[in-house]
> 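Provided herewith is a single structure, encoded as structure tokens, for subsequent inquiry.
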Amino acid sequence: MKNSILTIPIPKNFSFTKCLKFLNRGYSECLYKVDDSQVTRLIRLSSGLALIQITADSKNMFVSTKKEQINESDEKEVEAYVIDWFDINRDIQPFYQLLDTQKQTTKFSKKYHGLRLMGIVDLFESLCWCVIGQQINLTFAHKIKTRLVYKYGECMKDGEHTYYCFPLPEILLKAQREDLVSMQFSKQKINYIFNISTAFCINVINKKDLLGLNKEQQMEALLAIKGIGPWTANYVSMKSLRDMTCIAYGDTGLSSALHNHFATEKKPDNQTINEIFSSFKDWESYFNFYLWRSLS
DNA sequence: GGCCAGGACTCAA
DNA sequence: TTGAGTCATGGC
């Protein structure tokens with residue numbers, strides 16, 4: 001195994017600690033491991049699997065990469081991955097200025113200062129995660145995701161710990177329905193995961209092409225797949241396509257956060273949600289993310 | 001035991 | 001276009 005170390009300067013309004021705290025917020029996560037001051041995960045580069053470990057000091061993030069062979073293009077991919085995952089290349093100062101204009105939200109800019117909208121770089125993973133999480137509690141959702149990842153995901157052992165990648169669509173497509181049922185996936189979820197896997201396998205959908213479309217076209221392409229509804233489309237648009245204007249309409253967590261901070265009805269209608277979000281134009285995704293963060 | 005979970009679909013009216 | 005019914009099971 002070869003090893004390389006990459007340095008990424010920390011921008012303004014960035015807190016590695018708060019990002020790590022978010023990653024380690026209490027759900028048992030099978031796709032990365034957070035220790036006191038570092039996070040480790042297995043990622044898929046175009047030339048194969050690589051184990052990355054990220055730490056930071058006050059000025060830089062340090063990404064160490066372990067892989068069979070490492071070349072220059074691997075390092076570039078690792079850097080792009082980390083920048084995307086932590087949303088590093090975004091100036092979020094304007095968002096904090098908006099938060100500070102309202103008494104209900106000014107606390108967020110202090111409490112979560114430097115927290116970035118942590119992404120899901122892999123679009124396929126992001127979509128499957130949405131389907132898994134639909135209408136079940138998050139603890140259980142993590143449980144069945146872990147079963148799926150352990151059975152179908154590629155892995156790499158490092159010391160005592162084995163790290164996993166989310167399964168590839170072509171692998172999931174070959175999965176037996178009864179195996180997924182035994183992991184406690186509902187028939188509906190299984191159908192949706194097969195639909196999404198198929199869409200990726202026949203290249204009806206891929207991240208690169210979606211990124212070349214405008215938001216309306218992206219939503220249309222996503223909603224065309226059975227199992228992807230408005231909530232999922234907004235979620236992946238926010239977490240994977242990095243559109244900054246997403247609102248997770250219909251989300252129970254968003255509803256309760258708005259209820260907590262704005263004294264709305266327990267389940268505010270879209271009009272009420274739009275009114276509140278209208279103060280955060282072009283930062284809707286961040287505002288939504290911070291509202292979610294306020295729940296845990 | 002009952003209600004709710006980071007929804008989405010079908011089908012009827 | 002809207003609303004009720006269905007899925008399906010763990011957590012509290």
Side-chain angles (χ1 to χ4, degrees), chain A residues 21-31 108 112 115 117-120 122-149 166 177-199 205 218-243 245-262 264-273 276-277 284-296:
Chain A
K21 206 169 169 189
F22 167 79
L23 291 176
N24 202 20
R25 67 194 182 286
Y27 296 107
S28 89
E29 172 58 59
C30 59
L31 294 173
F108 291 153
Y112 305 124
L115 172 65
L117 203 172
M118 297 301 293
I120 300 176
D122 179 356
L123 178 67
F124 178 65
E125 175 195 331
S126 187
L127 285 166
C128 290
W129 173 232
C130 284
V131 168
I132 292 169
Q134 282 170 11
Q135 196 59 16
I136 59 174
N137 68 72
L138 274 179
T139 307
F140 182 54
H142 276 94
K143 204 176 277 182
I144 61 177
K145 180 175 94 167
T146 301
R147 291 175 186 149
L148 190 79
V149 166
F166 194 80
R177 281 176 186 274
E178 51 268 33
D179 288 338
L180 296 173
V181 169
S182 71
M183 294 177 196
Q184 293 182 286
F185 281 80
S186 67
K187 293 188 186 89
Q188 209 170 45
K189 286 192 196 301
I190 294 170
N191 286 335
Y192 295 166
I193 285 173
F194 280 152
N195 288 344
I196 294 167
S197 301
T198 304
I205 194 169
Q218 288 175 348
M219 293 307 237
E220 195 181 337
L222 289 167
L223 293 170
I225 300 171
K226 199 171 283 187
I228 300 179
W231 178 83
T232 300
N234 272 297
Y235 184 93
V236 302
S237 188
M238 177 190 304
K239 301 274 279 187
S240 298
L241 304 177
R242 293 304 195 173
D243 185 284
T245 64
C246 299
I247 304 174
Y249 295 106
D251 182 86
T252 52
L254 179 61
S255 295
S256 43
L258 290 172
H259 176 66
N260 293 343
H261 299 289
F262 291 87
T264 60
E265 298 290 317
K266 288 230 161 149
K267 289 193 176 174
D269 56 26
N270 289 353
Q271 195 190 333
T272 309
I273 294 174
I276 296 172
F277 272 80
E284 289 89 344
S285 299
Y286 256 87
F287 185 45
N288 193 142
F289 181 70
Y290 272 41
L291 285 167
W292 274 333
R293 187 70 187 93
S294 74
L295 294 169
S296 54

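Chain letters run A, B, ... following the sequence lines, proteins first, then strands; residues in each count from 1.
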> Less than 4.5 Å apart, any side-chain heavy atom of A:Tyr27 and any of A:Ser296?
no

> Within this structure, what is the CG-to-P distance between A:Asn270 and C:dT2, rounded to whole angstrom?
11 Å

> Expressed in angstrom and rounded to an integer, what is the separation of A:Ile196 atom CD1 from B:dG7 atom C1'?
12 Å

> For the pair made of NE2 in A:His142 and P in C:dG10, what is the distance, rounded to whole Å?
17 Å

> Can you say whether the rings of A:Tyr290 and A:Tyr286 are parallel (under 30°), tilted (30 to 60°) or perpendicular (over 60°)?
tilted

> For A:Trp231, is there any backbone N or O sitting under 3.5 Å from a side-chain donor or acceptor partner on A:Gln134?
no

> What is the per-nucleotide protein-contact pattern of nucleotides 3-8 of chain C, from the 5' end, where B denotes a base atom under 4.0 Å from a protein heavy atom, S denotes such proximity for sugar-phosphate atoms only, and - denotes neither?
----BB

> Would you check, one step at a time, whether the test side-chain hydrogen bond (donor to acceptor under 3.5 Å, both in side chains) holds for A:Asn191 with A:Arg177?
CA-CA 9 Å; A:Asn191 286 335; A:Arg177 281 176 186 274; 2.8 Å; yes

> Taking atom types as modelled, find out whether A:Asn195 and A:Thr198 have a side-chain donor-acceptor pair closer than 3.5 angstrom.
no

> Quick check on A:Glu265: does its CD atom have over 12 non-hydrogen neighbours (other residues, nucleotides or ligands) under 6.0 Å away?
no

> Any donor-acceptor pair, under 3.5 Å, between the side chain of A:Asn137 and the base of C:dG11, if you only look at N and O atoms?
no

> Using whole Å, report how far CE of A:Met183 lies from P of C:dG10.
15 Å

> Return the 5'-most residue of the pair A:Lys226, A:Thr139 with respect to DNA chain B, ranking by each residue's nearest nucleotide.
A:Thr139

> Rounded off to whole Å, could you give me the CH2-to-P distance for the A:Trp231 and B:dC9 pair?
13 Å

> Can you measure A:Ile190 atom CD1 to B:dC9 atom P for me and round it to whole angstrom units?
17 Å

> In whole Å, measure the gap between the P atoms of C:dA8 and B:dC11 for me.
16 Å

> Rounded to whole Å, how long is the line connecting atom OH of A:Tyr27 with atom P of B:dA5?
12 Å

> NA contact type, A:Arg25, heavy-atom cut-off 4.0 Å: base, sugar-phosphate, or nothing?
base

> Within 45° of the ring axis of A:Phe22 and under 6.0 Å from its six-membered ring centre, is that where the NZ or CZ of A:Arg25 lies?
yes

> Look at A:Thr252 and B:dC4 and indicate whether a side-chain polar atom (N or O) is within less than 4.0 Å of OP1 or OP2.
no

> Give one of base, sugar-phosphate or nothing for A:Ile228, where a contact means two heavy atoms less than 4.0 Å apart.
sugar-phosphate

> Nearest-Å distance, CG (A:Leu222) to P (B:dG7)?
17 Å

> Can you tell me which nucleotide in B:dG7, C:dG10, B:dT10 comes closest to the side chain of A:Gln134?
B:dG7

